Amino acid sequence: MCAAISASENGAKVIVLEKSPEQEKGGNTTYTHGSIRFAYNDQNDIKEIIPDMEEEDFRITDFGSYTEEQFYDDLCIMTDYKTDPTLASILTGESFETMKWLVKHNIRFIPIYGRQAFKIDGIFKFWGGMVLESVGGGAGLVDALHLEAARLGATILYETMAVELLHNDDGIYGVVIKEKGKTKRILTNSVVLASGGFHANVEMRTKYLGQKWDIVHTRGSRYNTGEGIQMALNIGALSAGNWSTAHSVTGDRYLPDFEEGFQRLSYPFGIMVNADGKRFVDEGADFRNYTYAKYGRIILQQPNNCAWQIFDAKVAPLLREEYKGKKVTKVKADTLEELADKIGEIHKENFLQEIKSYNESIDQSTPFNPNIKDGRQTRGLNVPKTNWANTIDTAPFEAYAVTCGITFTFGGLKINERAEVQSIQYKKINGLYAAGEVVGGLFYSNYPGGAGLMAGSVFGKIAGENAAKHVVQTTIVK
Ligand SMILES: Cc1cc2nc3c(=O)[nH]c(=O)nc-3n(C[C@H](O)[C@H](O)[C@H](O)COP(=O)(O)OP(=O)(O)OC[C@H]3O[C@@H](n4cnc5c(N)ncnc54)[C@H](O)[C@@H]3O)c2cc1C
């Protein structure tokens with residue numbers, strides 16, 4: 001939709017093909033909280049993005065800063081320095097300008113209190129480089145983008161999917177579509193692919209991500225089945241990025257696919273144990289939004305593809321909203337022995353010993369503080385916990401059954417700085433642009449929360465602008 005808005009404001013007549021019915025429009029974007037990561041220097045930058053925020057709210061909020069360099073470094077560190085440096089510097093360098101552009105196009109944002117900042121001594125202090133979310137979450141963002149695209153004259157065709165790119169020696173000359181079951185052609189020499197990745201395609205998942213990825217919980221939109229990527233590959237587009245891993249999180253073990261409320265992301269304040277009763281990951285390695293996208297994969301490697309998150313009464317008030325409600329698989333008990341019995345599937349002796357060793361290993365001299373990486377850690381364990389290590393000793397105890405859920409895929413198409421899709425001969429494919437999950441090269445193995453929406457916005461804006469310029473300058477040759 002960013003591409004549609006950008007192309008419209010640059011003089012193109014735009015048709016958006018949306019495979020889903022109108023009530024399911026917006027793909028994965030709809031399923032987000034609308035949390036978006038961008039670089040900013042200080043509170044004045046935030047004021048530019050949320051001009052209607054009250055002075056009093058600014059007074060009790062410490063947004064800190066998150067510079068372009070920090071955003072870039074986060075991308076490098078989290079991807080083990082594999083992120084495409086050209087794309088990464090555009091994403092980080094254009095993020096603030098793109099936020100201002102979104103605001104200009106009537107997209108509204110608010111601070112992410114609660115999930116990204118806890119109130120301590122009267123002040124909300126933000127952490128993790130992500131401070132704002134769209135009003136109305138992902139659904140609100142999608143509605144606002146659709147309204148704006150329509151206001152600028154774009155036509156949106158629902159239940160209409162792209163099935164094939166029309167292509168000759170001069171480049172793209174159109175697209176074959178299926179509109180409500182009827183095959184048609186649209187002739188155009190500019191196409192922007194923004195159809196998401198292949199997380200909802202079981203066959204592609206198993207083919208590229210490997211064993212067990214067919215049985216993971218599937219999050220988000222059921223319409224992101226990869227054909228945007230596939231139809232570009234069919235005409236000689238170059239693949240890029242990390243096809244063998246994906247964004248995958250820890251979430252409810254029994255929730256059906258595509259249902260909202262899957263994730264369970266308060267693990268930094270507790271521990272995770274597998275069916276052998278053993279911890280297997282440093283739950284406090286970093287802030288949640290720097291570890292959550294890779295821990296799903298690690299749970300998939302555990303016996304029976306599952307684990308349990310354990311909390312005691314001391315940290316229960318800190319648990320995120322998703323831990324409440326009827327669709328939550330949890331057991332509660334007054335003793336750890338009883339908790340193990342209620343879990344049932346766990347090796348009880350190992351579990352009790354694991355918690356004993358964990359409790360004894362914690363350096364209690366460092367105070368617990370959820371707003372910073374507090375360094376309250378374990379000593380001498382094979383699997384350390386680096387921050388937020390609290391003893392598990394205060395009843396009632398809670399255990400949440402979790403498994404791996406795939407959010408979106410990282411592998412996709414190679415684009416250049418103009419969002420032009422590259423060919424296997426390392427030249428641009430004339431008239432073909434791509435943005436969002438369909439693009440590969442930014443994320444490898446891990447991902448900083450909020451970077452997905454920003455990537456879609458930054459490259460959508462660039463793709464739309466260049467697609468419009470191309471369509472204005474060229475004539476269609478069939
Ligand atoms: C549950 C969940 C929570 C998330 N939370 C966040 C978050 O808070 N912040 C963040 O930054 N990222 C988040 N993400 C990731 C984020 O959703 C994506 O990175 C981003 O929305 C991708 O945007 P996109 O435009 O590339 O794809 P999408 O938003 O998925 O849009 C793809 C569109 O293409 C359509 N489509 C697919 N195939 C075709 C076809 N053949 N023809 C026509 N149309 C087609 C789909 O129906 C859909 O409308 C989350 C993802 C999920 C699933």
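Just so it is clear, the model here is predicted, and its values are computed rather than measured. All ligand and atom numbering here is 1-based and tracks the order in the structure.
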Side chains of [X] and [Y]: is there a donor and an acceptor less than 3.5 Å apart?
X: Glu133; Y: His33; result: no
X: Arg37; Y: Tyr66; result: yes
X: Ser266; Y: Gln309; result: no

Point to revise | Trace of the ring-ring contact (aromatic ring centres under 6.0 Å, His included) decision for His199 with Phe408 | key: CA-CA 5 Å; His199 82 278; Phe408 68 92; 8.2 Å; no

Check your understanding: Using 30° and 60° as the class limits, which term best fits the ring planes of Phe38 and Tyr40: parallel, tilted or perpendicular?
Key -> tilted

Point to revise | Within the protein, residues bringing a heavy atom under 4.0 Å of ligand 1, chain by chain | key: Leu17, Glu18, Lys19, Gly26, Gly27, Asn28, Thr29, Tyr31, Thr32, His33, Gly34, Ser35, Thr160, Met161, Ala162, Ala194, Ser195, Gly196, Arg219, Gly220, Tyr223, Asn224, Glu227, Thr407, Phe408, Gly436, Glu437, Tyr447, Gly450, Ala451, Gly452, Leu453

**Study point:** Sidechain-backbone polar pair: Gln263 side chain, Leu265 backbone, donor-acceptor under 3.5 Å
**Key:** no

